[in-house]
> 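Got a structure here, written out as structure tokens. Questions coming.
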2 protein chains.
Amino acid sequence: MVSKACSLHPNVLSAQCPTRQVLDLIADKWTTLVIYLLARGRQRYGDLHRQIGGISQKMLTQTLRKLERDGLVARHVYPEVPPRTEYELTVLGHTLIEPMGALCTWAEGHLAELEQARRRYDHLQKKASLSA
Amino acid sequence: MVSKACSLHPNVLSAQCPTRQVLDLIADKWTTLVIYLLARGRQRYGDLHRQIGGISQKMLTQTLRKLERDGLVARHVYPEVPPRTEYELTVLGHTLIEPMGALCTWAEGHLAELEQARRRYDHLQKKASLSA
DNA sequence: CAGCATCCCGATGGATACTG
DNA sequence: CAGTATCCATCGGGATGCTG
């Protein structure tokens with residue numbers, strides 16, 4: 001937002017805008033969690049699965065594959081029995097930590113206001129519906 | 001990510017983590033676009049609708065209501081005929097512009113790498129499937 | 001003009017079962 | 001262990017039509 005490339009082109013609103021790409025990247029339940037966990041260091045598939053603990057195998061695999069495709073996560077398969085696979089952030093992946101951290105910091109700093117606004121809004125809605 | 005509150009609690013992975021709240025906030029196609037447009041200043045419903053140009057009335061209204069509920073956007077209804085409604089970012093809403101800008105800047109700076117990674121990945125996948 | 005109500009389709013994603 | 005394949009319920013969200 002308020003970015004140079006976006007301001008120059010009228011197509012901020014198009015799917016071609018970089019903004020869209022990034023949002024599509026982090027805009028699902030699991031991606032951010034995976035990145036967050038991998039920010040701590042290289043980890044095995046099973047460890048990720050256990051830590052996230054609400055995610056299905058399907059979603060974890062799908063998320064990891066997407067991140068790998070985007071070059072944010074590297075996949076290391078060891079030809080052993082039983083198999084072992086480790087995941088870690090790439091250099092590119094690490095660069096994403098900071099801006100995402102900024103967003104997280106914002107969240108923590110303004111969560112109270114946000115919740116207060118919600119309560120107030122819901123309260124007013126309730127009163128309005130009662131008077132109707 | 002890599003945030004204090006998140007690191008302290010083991011429940012980063014729970015829905016209670018502020019991260020989740022923020023992501024839920026911006027994680028859909030339209031929210032960011034609306035915020036982006038409103039960052040330019042107060043605007044009418046119809047103007048937003050026309051500028052975004054792929055959005056349905058349903059989604060625009062829904063997005064605006066959500067942002068209003070979260071205290072990020074203020075809604076001004078003028079009791080006129082025909083009706084006029086204007087939307088603008090609240091003070092809280094403005095504070096979100098910067099962290100979102102950081103993400104956008106990241107996107108612009110790394111989009112090329114991202115696309116290259118994708119091409120490379122898809123290329124390798126193709127070769128793998130052919131040899132099979 | 002600025003919505004709300006309704007219908008409806010496709011995608012998302014969980015649960016389950018199977019495999020190298 | 002680290003997946004893949006399949007089935008199926010839910011839901012986001014578009015299209016359409018109506019109202020104050």
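The model shown is predicted, which means the values in this text are computed figures rather than measured ones. In the text below, chain A, chain B and the rest are named by the order of the sequence lines, each starting its count at 1.
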> Which comes earlier along DNA chain D counting from the 5' end, the contact point of A:Y45 or that of A:K58, where each point is its nearest nucleotide?
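First, find each residue's nearest nucleotide; the 5'-ward one identifies A:Y45.
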> B:R119 vs B:D122, test: salt bridge (Lys or Arg N to Asp or Glu O under 4.0 Å). Steps then yes/no.
CA-CA 5 Å; B:R119 275 195 304 274; B:D122 293 345; over 6 Å; no
> Is there a side-chain contact between A:R44 and the phosphate of D:dA2, meaning an N or O under 4.0 Å from OP1 or OP2?
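So the side chain of A:R44 is within the cut-off, an N or O lying under 4.0 Å from OP1 or OP2 of D:dA2.
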> Taking the side chain of A:P83 as its heavy atoms from C-beta onward, which of C:dG20, C:dG3, C:dG14 lies nearest to it?
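For A:P83, the side-chain atoms sit closest to C:dG20.
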> Between atom CG in A:L64 and atom C1' in D:dT4, what is the gap in whole Å?
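In whole Å, D:dT4 C1' and A:L64 CG are 15 Å from each other.
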> When you match A:Q62 and B:D47 each to their closest nucleotide on DNA chain C, which lands nearer the 5' end?
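Nearest nucleotide further toward 5': that of B:D47.
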> Rounded to the nearest 0.5 Å, how far does CH2 of B:W30 lie from CD of B:Q62?
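Going from the CD atom of B:Q62 to the CH2 atom of B:W30 covers 12.0 Å.
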> Of the options B:E88, B:R44, B:R84, which is the one that meets B:H76 in a side chain to side chain donor-acceptor pair (under 3.5 Å)?
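Passing option: B:E88.
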> Do NZ/NE/NH1/NH2 and the carboxylate oxygens of A:E68 and A:K66 come within less than 4.0 Å?
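The answer is no: the pair does not qualify as a salt bridge.
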> Does the side chain of B:T85 get closer than 4.0 angstrom to OP1 or OP2 of C:dG3 through an N or O atom?
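For B:T85, the contact criterion (side-chain N or O under 4.0 Å from OP1 or OP2 of C:dG3) is met.
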> Check the phosphate of C:dG14 against A:K29, side-chain N and O only, distance under 4.0 Å to OP1 or OP2. Yes or no?
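True: A:K29 side-chain N/O within range (under 4.0 Å) of C:dG14 OP1/OP2.
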> Can you tell me which nucleotide in D:dG13, C:dG3, D:dA2 comes closest to the side chain of B:Q57?
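Of the candidates, C:dG3 comes closest.
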> Nearest to the side chain of B:R65, heavy atoms from C-beta on, is which of D:dG20, C:dG3, D:dA2?
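Looking only at heavy atoms from C-beta outward on B:R65, the closest nucleotide is C:dG3.
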> Please state how far atom CZ in B:R84 lies from atom P in C:dC1, giving the value in whole angstrom units.
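Distance check: B:R84 CZ to C:dC1 P gives 13 Å.
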> Take the protein atom NE2 of B:H76 and the nucleotide atom P of C:dG3, then report the distance between them rounded to whole Å.
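About 13 Å, once rounded to whole Å.
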> At 4.0 Å (heavy atoms only), tell me whether B:Y87 reaches a base, stays on the sugar-phosphate, or touches nothing.
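Sugar-phosphate only.
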> Rounded to the Å, how far apart are A:D28 CG and D:dG12 C1'?
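Rounding to the nearest Å, CG of A:D28 and C1' of D:dG12 are 15 Å apart.
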> Determine whether the side chains of A:R120 and A:Q125 contain a donor N or O and an acceptor N or O closer than 3.5 Å.
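A:R120 vs A:Q125: no donor-acceptor pair found between side chains.
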> Rounded to the nearest angstrom, tell me the gap between atom CH2 in B:W30 and atom C1' in D:dG12.
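Result: 12 Å.
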> Using whole Å, report how far CZ of A:R75 lies from C1' of D:dA2.
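It works out to 8 Å between those atoms.
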> Atom CD1 of A:I55 to atom P of D:dG3: distance rounded to whole Å?
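So the two atoms are 12 Å apart, to the nearest Å.
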> Consider the side chain of B:T61, meaning its heavy atoms from C-beta on, and name the nucleotide among D:dT4, C:dC4, D:dA2 that approaches it most closely.
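The nucleotide sitting nearest to the side chain is C:dC4.
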> Do the side-chain N or O atoms of B:R50 get closer than 4.0 angstrom to the phosphate oxygens (OP1, OP2) of C:dC1?
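The answer is no; no side-chain N or O of B:R50 sits under 4.0 Å from OP1 or OP2.
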> If I take atom NE2 in residue B:H49 and atom P in nucleotide C:dC4, what distance separates them, rounded to the nearest angstrom?
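Interatomic distance, NE2 of B:H49 to P of C:dC4: 14 Å.
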